[in-house]
Amino acid sequence: MRYLGLDLGTKTIGLAISDKTGLIASSYKVLHHDNNPKDCLDDLKTIIETLDVEAIVLGLPKNMNNTLGDRAKATLKFKEFLESNLNIPIYLEDERLTTKSAEAILIKGDTSRKKRKKVIDKVAATIILQSFLDQRRK
C-alpha cells in the first residue's frame with residue numbers, strides 16, 4: 001500500500017511518498033500556496049492518481065502538552081476538506097518536533113541555510129510518514 005505524507009504549513013505543504021510496500025518513506029516535493037492549502041487540491045489529486053496513492057498521512061501539530069492550538073485546528077479543517085474531496089483514507093500522525101528533527105538532519109548533512117528553507121517541509125513530511133509506517137509495522 002502506497003501512502004502520501006503531508007506536512008501542512010502556512011505557505012507550503014511538504015510531501016513524502018512511501019514505497020509500494022508501505023515500509024520506507026522518501027521526500028517527494030513541496031507545494032506552495034497563498035495561505036490557502038485548498039489551492040493545492042488539483043496538484044494532490046494528480047499526485048495521488050499518478051503515484052497510485054491509497055492513503056494520506058497528515059501531520060497533526062499538537063502542542064507539547066498534547067492540546068490542540070490554532071495550527072492543529074487548521075490541520076483538522078484541512079483533513080475534513082480532503083476527506084470531502086478525495087476518496088481515500090486520511091490518517092493523522094502526531095508531528096511534534098518533526099520540523100526541528102528535519103532541521104537537525106539537514107544541518108548535520110551540511111545543508112546551507114538557503115537550501116534548508118527550500119527542503120525542510122518535505123523532510124518533515126518524510127519523518128511524519130516514516131513514523132506512521134513504523135507504528136503500523138509494530
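Heads up: numbering here begins at 1 and tracks the sequence.
The two residues T126 and S26 have their closest heavy-atom pair at OG1-C, 3.6 Å. Of all heavy-atom pairs spanning P61 and A72, the tightest one is O-CB, 3.6 Å. The minimum heavy-atom distance between G14 and A125, with the atom names listed, is O-CB, 3.3 Å. Considering all non-hydrogen atoms of both residues, N85 and K45 come closest at O-CE, 3.6 Å. Taking every heavy atom of both residues into account, S18 and G22 meet most closely at OG-CA, 4.0 Å.
For the atom pair E80 CD and I90 CD1, the distance stands at 10.5 Å (nearest 0.5 Å). Atom CG of L82 sits about 8.0 Å away from atom OG of S84, to the nearest 0.5 Å. Rounding to the nearest 0.5 Å places SG of C40 at 6.5 Å from CZ of F78. Note: E95 CD to L6 CG = 10.5 Å, rounded to the nearest 0.5 Å. Between the CG atom of L76 and the NZ atom of K79 there is a distance of 7.5 Å, given to the nearest 0.5 Å.
Remark: side-chain polar atoms of R2 are not paired, donor with acceptor, to backbone N or O of E54 under 3.5 angstrom. Panel note: side chain H33, backbone G9; a donor-acceptor pair is recorded below 3.5 Å. Judged by distance alone, the side chain of Q130 and the main-chain N or O of A25 form a donor-acceptor pair under 3.5 Å. A donor-acceptor pair under 3.5 Å links the side-chain atoms of T75 to the main chain of R71, judged by distance alone. For T50 (side chain) and I47 (main-chain N/O), no donor-acceptor pair under 3.5 Å exists by modelled atom type.
Looking at L86 and L41, their side chains come closer than 4.5 Å, going by heavy atoms from C-beta outward. Within the 4.5 Å cutoff, the side chain of L4 has heavy atoms near those of the L44 side chain. Taking the side chain as every heavy atom from C-beta outward, N35 and K11 approach each other to under 4.5 Å. Residues L60 and D94 are not in side-chain contact: their nearest non-hydrogen atoms beyond the backbone lie 4.5 Å or more apart. When side chains are defined from C-beta on, L23 does not count as touching L133, because their heavy atoms never get closer than 4.5 Å. Using a 4.5 Å heavy-atom threshold, the side chains of L15 and K122 count as separate.
With a 6.0 Å cutoff to the six-membered ring centre and a 45° limit on the axis angle, R136 does not count as a cation-pi contact of Y3.
Enclosure of atom CG in D70 is not indicated, since only 12 or fewer non-hydrogen atoms of other residues, nucleotides or ligands lie within 6.0 angstrom. Atom CG of N65 is surrounded by more than 12 heavy atoms from other residues, nucleotides or ligands within 6.0 Å.
Under the 4.5 Å side-chain contact rule for hydrophobic residues, F81 and L68 share a cluster. Two different hydrophobic clusters hold L129 and Y28 under the rule that ILVMFWY side chains link at heavy-atom gaps under 4.5 Å. Side-chain heavy atoms closer than 4.5 Å link hydrophobic residues (I, L, V, M, F, W, Y) into clusters, and following such links, even through other members, never connects V57 to I17. A chain of hydrophobic side-chain contacts below 4.5 Å, direct or via other Ile, Leu, Val, Met, Phe, Trp or Tyr residues, connects L8 to I88.
In summary, of the residues considered (I128, L58, I56), a side-chain contact (heavy atoms from CB on, under 4.5 Å) with L92 occurs for L58 alone.
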